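The structure presented is a predicted model; accordingly, all values stated were derived computationally and were not measured. Just follow the structure's listing: the first ligand is 1, and inside any ligand the first atom is 1.
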Amino acid sequence: MKKLMAANWKMFKTWDEAGSTARVLVELAAAKLPEDREVLVCPPFTCLKAVSDAFSGADRFSSGGQDFYITDEGAFTGEISPAMLQDCGAKYGLTGHSERRHVLGENDEYIGQKTAYGLSAGLSVILCIGELLDERKAGRVEEVLERQLRLGLKDVPADVAPHRISVAYEPVWAIGTGEVAGPAEIQEAHAFTRKVLVSIFGEKANEMRILYGGSVKPTNCAEIIALDNVDGVLVGGASLQSESFSQIVLA
Ligand code: 13P
């Protein structure tokens with residue numbers, strides 16, 4: 001299983017900035033990228049084609065959408081479909097990111113619909129899960145992760161190839177705060193996630209990637225990526241500069 005080194009640029013970058021960041025990333029990292037790694041960048045929709053073009057010809061570099069709607073086309077003002085993302089070169093889509101759950105009000109049922117629809121439309125999907133600080137303090141981490149996993153993956157077609165499904169564990173209190181989860185916390189959450197995935201999908205869950213996200217930096221990536229059941233990272237702030245993201249990708 002190749003480790004997935006993924007960037008979520010959130011609502012940052014213009015077309016020109018995105019294209020040049022992606023081109024420099026390829027210059028810095030493509031030739032040295034270990035065989036067992038893949039790179040993914042999820043820019044704003046408006047920059048998707050710029051990133052896809054910069055990655056064309058770069059082996060194991062792909063682009064993805066940060067969100068998508070649950071149908072192909074129609075009267076849904078402001079929305080974008082998996083087919084439209086794919087038209088801009090995207091191979092991946094994110095679902096369930098904590099900012100969409102907690103800032104934009106998406107619930108588990110809707111996230112589950114998106115995950116299933118994105119997969120059926122041909123995207124590889126990264127379902128993001130993670131507890132709030134209050135939930136951790138109340139000892140509810142496993143309850144929250146299990147609910148988000150079971151509802152988020154509820155309608156996934158049984159025949160989907162396991163490498164097309166990834167889960168990103170992103171504890172909300174570690175996102176954008178500089179406070180990274182400790183190795184024990186990451187390992188516990190990832191082992192629990194694997195257990196739930198196996199209970200849903202059986203043995204093929206061992207071929208699904210579980211990424212860690214939350215204040216990943218060039219200085220902590222090597223330690224995180226070496227932990228059991230950590231099959232990649234999903235990086236926000238430290239992915240915005242090609243120099244720092246290239247160090248993460250190669251860590
Ligand atoms: P930071 O790396 O900025 O903490 O963001 C993590 C994240 O939300 C990635 O999806």
- Note on the structure: protein heavy-atom neighbour closest to atom 3 (O) of ligand 1 works out as Gly237 N, 2.8 Å
- Query: When Asp67 is tested against each of Lys114, Arg101, Lys10 for salt bridge (charged side-chain N to carboxylate O under 4.0 Å, His left out), which residue passes?
  - Reply: Lys114
- Does Asp72 offer a backbone N or O that forms a donor-acceptor pair with the side chain of Ser81 under 3.5 Å? yes
- Query: Between His97 and ligand 1, is there a nitrogen or oxygen pair with a distance under 3.5 Å?
  - Reply: yes
- Query: Just by distance, do the side chain of Arg209 and the backbone of Val167 share a donor-acceptor pair under 3.5 Å?
  - Reply: no
- Message: If we only consider heavy atoms of Ala238, is any one of them less than 4.0 Å away from an atom in ligand 1?
- Response: no
- Message: Using a 3.5 Å cut-off on N or O atoms only, is Gly176 in polar contact with ligand 1?
- Response: yes
- Any ring-ring contact (aromatic ring centres under 6.0 Å, His included) involving residues 158-192? Give me the pairs, sequence neighbours left out, ordered by first then second residue. Tyr169-His190
- Should the pair Asp231-Arg194 be classified as a salt bridge under the 4.0 Å nitrogen-to-oxygen rule? yes
- Give a yes-or-no answer on whether the side chains of Lys13 and Thr21 include a donor-acceptor pair shorter than 3.5 Å. yes
- If you scan protein heavy atoms around atom 2 (O) of ligand 1, the nearest is Gly236 N, 2.8 Å
- Query: Is it the side chain, the backbone, both or neither of Asn8 that has a heavy atom closer than 4.0 Å to ligand 1?
  - Reply: side chain
- Taking atom types as modelled and ignoring hydrogens, do the side chains of His97 and Glu106 form a donor-acceptor contact shorter than 3.5 angstrom? no
Report, one line per pair, each donor and acceptor closer than 3.5 Å where one atom sits in a side chain of residues 241-251; sequence neighbours left out.
residue	atom	partner	partner atom	Å
Ser244	OG	Ala238	O	2.4
Ser246	OG	Ser242	O	3.1
Ser246	OG	Glu243	O	2.8

- Answer with yes or no whether the side chains of Ser199 and Arg150 bring together a donor and an acceptor at under 3.5 Å. yes
- Does Gly213 come within less than 4.0 angstrom of ligand 1, counting non-hydrogen atoms of the residue? no
- Item | Proximal atoms of ligand 1 relative to Leu234 (non-hydrogen, under 4.0 Å) | 9 (C), 10 (O)
- Task: With heavy atoms of Ala174 as the reference, note each atom of ligand 1 found under 4.0 Å away.
- Result: 4 (O)
- Item | For ligand 1, the portion of Ser98 having any non-hydrogen atom under 4.0 Å away | neither
- Task: Among all protein heavy atoms, pick the one closest to atom 7 (C) of ligand 1 and tell me residue, atom and distance.
- Result: Glu170 OE2, 3.2 Å
- Task: May I ask whether Gly178 has any heavy atom positioned less than 4.0 angstrom from an atom of ligand 1?
- Result: no
- Query: Can you find a non-hydrogen atom of Lys10 under 4.0 Å from ligand 1?
  - Reply: yes
